[in-house]
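This report refers to the structure that appears directly beneath it.
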Amino acid sequence: MAAEKISLYNLADLKNTSDDALPNYLNSLKFKQSHFLTDVRLALGYGAFAIAAACFGWDYKFGFENTKYYTAAAVAIYTLLNGFLTFWTSTVEKGTVYQGTAPSGERITIRTNTKKNDPTYYVTVISEQKTGEPKTLEISKSFASWFDETGRFVPKPFQEFLATSVPAIGKQDPKKIMSASQDVYGANAEVLDAMLAGTGATGSATGANATESKGKRRKA
């Protein structure tokens, strides 16, 4: 099925499409996704809805006078739930679109955002090893890098951007680092290590051929 076209001038659509592609890519690399943040947000939202529905139900059935104290309590609980939901989304989630654990055991949190009138995808990656302090990496790239001129999302350059920029992803998909030649030289040491690990066999073979050629020239 052809990819859905979106407006290249709509930052929300560009971001949402990219955000949706992120879990699909990482889960395909055997990252284990955590849905804890989403589950808490849904629980708070459904809890507030349940309180409102119950309040309407008993007011409709028993009348306001008979239930006004229950209604007052329900309003207070509803306000608390919505207040905590606002706190949760703005302070705890902070734009988090993915939380998961790499096969190596490294835990990553990915947050994304955009800026007004700026068609750039801003990504913050927090990596946590089993020991040691969390590391924060901030990367960004134009949406035009993975959306074609018709507004279709193109997965490969998006995946190359992530694999080349984020060591935990690059280690799981070194081939994407190799194909992103324009970004390899700007990658950090951990990404380059992942690239070299994926090309070690080729490098060894090339070294052997070079040694053999030098030997032949000496004999000549």
Test log, rule side chain to side chain contact (heavy atoms under 4.5 Å, CB included), inputs Val123 and Ile110: CA-CA 7 Å; Val123 183; Ile110 300 179; 3.6 Å; yes

Between Asp13 and Ser7, a side-chain donor and acceptor under 3.5 Å: no

Ion pair Asp148/Arg152, N-O distance below 4.0 Å: no

Approximate separation, where rounding is to 0.5 Å, of Lys135 NZ and Glu106 CD: 8.0 Å

Aromatic plane relationship, Phe56 with Tyr60 - under 30° parallel, 30 to 60° tilted, over 60° perpendicular: parallel

Tyr122 six-ring centre to Lys115 NZ/CZ under 6.0 Å and within 45° of normal: yes

Near-ring test Phe158/Tyr25, centroid separation under 6.0 angstrom: no

Minimal non-hydrogen separation, Pro167 against Leu137, with atom names: CD-CD2, 4.2 Å

Whether Tyr121 and Trp146 hold their rings parallel, tilted or perpendicular, with breakpoints at 30° and 60°: perpendicular

Over all atoms of both residues, closest heavy-atom pair of Trp58 and Tyr70: CZ2-O, 3.6 Å

Distance in Å, Ile108 CD1 paired with Gln99 CD, rounded so as to fall on 0.5 Å steps: 9.5 Å

Atom of Glu93, atom of Arg111 and distance for their closest heavy-atom approach: O-NE, 3.5 Å

For Asn113 against Lys15, the heavy-atom pair lying closest together: CA-CE, 3.6 Å

Working for side chain to side chain contact (heavy atoms under 4.5 Å, CB included), residues Phe153 and Leu14: CA-CA 9 Å; Phe153 177 78; Leu14 292 170; over 6 Å; no

Heavy-atom donor-acceptor pair, Asn16 side chain to Ala12 backbone, under 3.5 Å: yes

ILVMFWY network linking Ile77 to Phe87, side-chain heavy atoms under 4.5 angstrom: yes

Side-chain donor/acceptor of Ser145 to backbone N/O of Ser142, under 3.5 Å: yes

Derivation of the side chain to side chain contact (heavy atoms under 4.5 Å, CB included) call for Ile6 and Asn10: CA-CA 8 Å; Ile6 65 169; Asn10 190 322; over 6 Å; no

Nearest atoms (heavy-atom pairs only) where Cys55 meets Thr71: SG-CG2, 3.5 Å

Sidechain-backbone polar pair: Thr164 side chain, Phe161 backbone, donor-acceptor under 3.5 Å: no

Option among Thr86, Asn82, Leu81 that satisfies the side chain to side chain contact (heavy atoms under 4.5 Å, CB included) test with Leu44: Leu81

Modelled atom types, side-chain donor and acceptor of Arg107 and Thr101, under 3.5 Å: no

Side-chain donor/acceptor of Asn24 to backbone N/O of Asp20, under 3.5 Å: yes

Donor + acceptor pair across side chains of Lys171, Ser104 (<3.5 Å): no

Side-chain donor/acceptor of Asp173 to backbone N/O of Ala163, under 3.5 Å: no

N/O donor-acceptor pair under 3.5 Å between Thr96 side chain and Tyr98 backbone: no

